[in-house]
Amino acid sequence: MPLVLHESAEMYLETILNLEEELDRVRAVDIAQRMGYSKPTISEWMGKLRDAGYVTLNEAGGITLTDAGREVAVKIYERHVVLSGFFRAIGVSEETAVDDACRVEHYISDETFNCLKSYVDKNHPQA
């Protein structure tokens, strides 16, 4: 049965994507440090994400996004980048822009996000 992706699952996938860019190998401890959660909590979620087909776990403790996991992570990360850039462009402070983008990126509809992205690309290409 596929895992219904909600904010927590999307945050884990986005975090793994970011860590993959920074590290040779992503481990549960890396995710725990980045997100501020306990290793048992991370292990539980990695099991759920593995069972749903979003990550693979190898015997050495490495965690890798599957194609499906990467697709979700890239989508969420793009939303984060566009939303935080838009918020900064309209005068929101850096910290608030990033915090608000982290919340909004999980709930904004595809239609609204695509319209906002088109608007930003057209009117604020540097955002």
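Hydrogens, waters and symmetry mates play no part in the numbers below; they use all other heavy atoms, side chains included.
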Under 3.5 Å, side chain of [X] to main-chain N/O of [Y], donor-acceptor pair present?
X	Y	value
Thr96	Val92	no
Asn18	Thr15	no
Asn123	Tyr119	yes
Thr112	Ile108	no
Arg25	Ile63	no

> Just one of Val72, Ile76, Val74, Leu19 clears the side chain to side chain contact (heavy atoms under 4.5 Å, CB included) bar with Glu14, so which one?
Replying inline: Ile76

Are [X] and [Y] within salt-bridge range, i.e. N to O under 4.0 Å?
X	Y	result
Arg88	Asp100	no
Glu20	Arg70	yes
Asp121	Lys117	yes
Glu22	Arg34	yes
Lys75	Glu71	no

> Can you list the steps and then say if Arg79 with Asp110 is a salt bridge (charged side-chain N to carboxylate O under 4.0 Å, His left out)?
Replying inline: CA-CA 10 Å; Arg79 287 172 173 227; Asp110 288 342; 2.4 Å; yes

For [X] against [Y], the heavy-atom pair lying closest together:
X	Y	value
Leu65	Ala73	CD1-CB, 4.1 Å
Trp45	Ser8	CZ2-CB, 3.8 Å
Phe86	Val120	CD1-CG2, 3.5 Å
Val55	Met46	CG2-O, 3.8 Å
Ile16	Ile31	CG1-CD1, 3.6 Å
Leu49	Ala9	CD2-CB, 4.1 Å

What's the spacing between [X] [atom1] and [Y] [atom2] if we round to 0.5 Å?
X	Y	atom1	atom2	answer
Arg27	Asn58	CZ	CG	11.5 Å
Thr66	Leu13	OG1	CG	8.0 Å
Ser43	Tyr37	OG	OH	14.5 Å

>> Applying side chain to side chain contact (heavy atoms under 4.5 Å, CB included) to Tyr54 and Lys48, what does each step give before you reach the verdict?
In response: CA-CA 9 Å; Tyr54 292 108; Lys48 291 177 184 179; over 6 Å; no

> Would a 4.5 Å heavy-atom cut-off, applied to side chains only, mark His106 and His6 as touching?
Replying inline: no

> Any luck finding a side-chain donor-acceptor pair between Glu105 and Tyr77 under 3.5 Å?
Replying inline: no

>> Please determine whether residues Leu116 and Ile90 belong to a single hydrophobic cluster, defined as Ile, Leu, Val, Met, Phe, Trp and Tyr linked transitively by side-chain heavy-atom distances below 4.5 Å.
In response: yes

> Which residues pass the salt bridge (Lys or Arg N to Asp or Glu O under 4.0 Å) test with Glu111, sequence neighbours left out?
Replying inline: none

